[in-house]
Amino acid sequence: LAKTTQPISMDSYEGQEVNITCSHNNIATNDYITWYQQFPSQGPRFIIQGYKTKVTNEVASLFIPADRKSSTLSLPRVSLSDTAVYYCLVGDVLTGGGNKLTFGTGTQLKVEL
Amino acid sequence: EAGVAQSPRYKIIEKRQSVAFWCNPISGHATLYWYQQILGQGPKLLIQFQNNGVVDDSQLPKDRFSAERLKGVDSTLKIQPAKLEDSAVYLCASSATMTAGNTIYFGEGSWLTVV
């Protein structure tokens, strides 16, 4: 059973705001929601993480509704350099304690002029 | 602060040969991860260490893959013998701990091509 579901791809233009929504219907009480960005030939890079409500940093915002069954990554005014794959992750609790992150297939964002 | 270091960056081997990848995590990080990423797919967790102990290796093909983190710092992932389907990027990552909410930092990856 997939932990998260997100669109396979999205297209946008420079200067626009992009919102990528991820569903995680089975999120556990102690799970956090984490988003990573990955460019070709590079390892994933942490973007933002949240537990509930809204989180904002210098590159993105993360909106989490009260039921926490979905989340939306918001990228304000994207540029060509934001073309990448974006992964939404929630944790899996390990039998012996601790947490691990399982990646899905991600969302390929393509930004054009 | 130095990031996660991996080597070699690229490796081409013939099937049935062996290969080893090395990883040095961010200083002080207790948790170390090895992920396999096949082209077009998301990273798949192979093994997770907490200090020098394995906490999850449920997706590690143990007949050919092995990993160790003997002193709880750097780690080596070995494949022997390699198969064509092992062609992938091997990503090492680390985090301060493995509790929920901890940020995981990735290295640039080691690209393996098996021919």
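To find a chain, count down the sequence lines: A is the first, B the second, and so on, and within it residues start at 1.
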Please list every donor-acceptor pair under 3.5 Å in which a side-chain atom of residues 104-113 of chain A meets a protein atom from a residue at least two apart or in another chain.
residue: A:Thr107; atom: OG1; partner: A:Gln6; partner atom: NE2; Å: 2.9
residue: A:Thr107; atom: OG1; partner: A:Pro7; partner atom: O; Å: 2.5
residue: A:Gln108; atom: NE2; partner: A:Ala84; partner atom: O; Å: 3.3

Next item on the list: Examine whether an atom of B:Ser58 lies under 4.5 Å from a heavy atom of chain A, and if so say whether it belongs to the side chain, the backbone or both; otherwise answer neither.
Entry: side chain

Note to self: Taking B:Tyr33 as the starting point, is it possible to reach A:Leu101 by hopping between hydrophobic residues whose side chains are less than 4.5 Å apart?
What the structure shows: yes

Check: How far apart are the closest heavy atoms of B:Pro43 and A:Phe103, and which atoms are they?
Finding: O-CB, 3.3 Å

Checklist line | Under 4.5 Å from a heavy atom of chain B, the part of A:Ile33 involved | finding: neither

Item checked: Transitive ILVMFWY side-chain link A:Ile20 to A:Tyr32, under 4.5 Å -> no

Margin query: Please check if the number of heavy atoms outside B:Lys62 that lie under 6.0 Å from its NZ is greater than 12.
Written below: yes

Next item on the list: Name the region of B:Gln41, side chain, backbone, both or neither, that has any atom closer than 4.5 Å to a heavy atom of chain A.
Entry: backbone

Margin query: If hydrophobic clusters are built by linking Ile, Leu, Val, Met, Phe, Trp and Tyr wherever their side-chain heavy atoms come under 4.5 Å apart, do B:Val4 and A:Phe39 end up in the same one?
Written below: no

Check: B:Gln59, B:Lys44, B:Gln37: which one forms the most heavy-atom pairs within less than 4.5 Å of chain A?
Finding: B:Gln37

Name the atoms and distances for all side-chain donor-acceptor pairs under 3.5 Å in residues 75-82 of chain A, with sequence neighbours left out.
residue: A:Ser79; atom: OG; partner: A:Ser81; partner atom: OG; Å: 2.8
residue: A:Asp82; atom: OD2; partner: A:Ser79; partner atom: N; Å: 2.8

Check: Going from OG1 on A:Thr102 to CG on B:Leu45, what distance comes out if it is rounded to the nearest 0.5 angstrom?
Finding: 7.0 Å

Check: Apart from B:Ile13 itself, what residues make up its hydrophobic cluster when side-chain heavy atoms of I, L, V, M, F, W and Y under 4.5 Å apart count as a link, directly or indirectly?
Finding: B:Val19, B:Phe21, B:Leu32, B:Trp34, B:Leu46, B:Ile47, B:Phe49, B:Val54, B:Leu60, B:Phe65, B:Leu77, B:Ile79, B:Leu84, B:Tyr90, B:Leu112, B:Val114

Notebook entry, point to check: Side chain, backbone, both or neither: which part of B:Ile104 has a non-hydrogen atom closer than 4.5 Å to chain A?
Noted result: both

Note to self: Report, in residue-number order, which members of residues 44-55 of chain A are under 4.5 Å from chain B by heavy-atom distance.
What the structure shows: A:Pro44, A:Phe46, A:Gln49

Check: For the hydrophobic clusters of this structure (ILVMFWY residues joined by side-chain heavy atoms under 4.5 Å, transitively), does one cluster hold both A:Val85 and B:Val89?
Finding: yes

Item checked: Part of B:Gln50 within contact of chain A (heavy atom distance under 4.5 Å) -> neither

